[in-house]
Amino acid sequence: MNHRIAVIDFETTGISPDQGDRATEVAIVLTEGDRVVDRFHSLMNAGVRIPAFITQLTGITNAMVQAAPAAAQVMRDAARFVGDAPMVAHNAAFDRRYWRAELARCGLPAAQPFACTVLLSRRLYPDAPNHKLGTLVDWFDLPRTGAAHRALADAEMAAALLGRIRHDLMLRHGVTSPDHALLCALQACSKTALPKFWQTRATSRAAALASG
DNA sequence: TGCCAGGCCCTCTTTAGGGCCTT
């Protein structure tokens, strides 16, 4: 049985929700094993202006978000879409902060554990030129599914990178179970980056493998 | 207009500092 994992990416007005920055777009790619089984994507109107350099970076304009659904509605839908699936993001510390901040504005909990493909790739691919998402996608010749710095394209690329990590862990460990390979990958994270949820799953899965 | 953060990792470290990564 494969775990469902929600790979998320936010586009935002800046880098710090504590300083008033808000999300402008969210995309979530739901994976099961090697397959993408569902997608969620929406621009969102948080009622704030987008700095010019952000528009230059992402292509997301004030007019685009003004025509989008209210941020609260989008986040309620996103939370319903994710459910209790564990989440993965490229530089998860960033997306986790926005996930928690935007859901908190709606009065909703954000209990999902997060794992980080930056931390994983730093451990697994020390020879990579750097660990930016676009660099790793090019380095591994993974497909670019759209414009970089748009939420859906970045979430799809992060999901593809996660698939590559899973693949490499399977080869390195000689284990045919995708679950086990993924758990090994997550264990490659530092202890502080490895949520309790995964430690529990890893322990039970390892015990099941050991018992044959 | 220009500025802002946080978590992780590495090392010339641990009583710290700097780089990376995200927008």
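What you are looking at is a predicted structure, and each value in this text was computed from that prediction instead of being measured. Residue numbers begin at 1 in each chain, while the letters A, B, ... track the order of the sequences.
- Contacts of A:Y98 with the nucleic acid, taken as non-hydrogen atoms under 4.0 Å apart, are absent.
- Here the nucleotide nearest the side chain of A:A93, chosen from B:dC21, B:dT23, B:dG7, is B:dG7.
- Considering only side-chain N and O atoms, A:H149 lies under 4.0 angstrom from the phosphate OP1 or OP2 of B:dT23.
- Here A:N130 lies in heavy-atom contact (under 4.0 Å) with sugar-phosphate atoms only.
- Checked against the 6.0 Å centroid threshold, A:Y125 and A:F140 count as a close aromatic pair.
- A 4.5 Å side-chain heavy-atom check between A:T55 and A:I60 finds every atom pair outside the cut-off.
- Contact annotation: A:R123 side-chain N/O to B:dC9 OP1/OP2 distance is under 4.0 Å.
- As rounded to the nearest Å, B:dC10 and B:dC3 have C1' atoms that lie 28 Å from one another.
- At the heavy-atom level, A:E11 lies under 4.0 Å from the strands shown only through sugar-phosphate atoms.
- In this structure, A:R96 places its CZ atom 18 Å from P of B:dC21, rounding to the nearest Å.
- In terms of phosphate contacts, A:H131 brings a side-chain nitrogen or oxygen within less than 4.0 Å of OP1 or OP2 of B:dC21.
- For the C1' atoms, the distance from B:dG7 to B:dT23 is 16 Å, rounded to whole Å.
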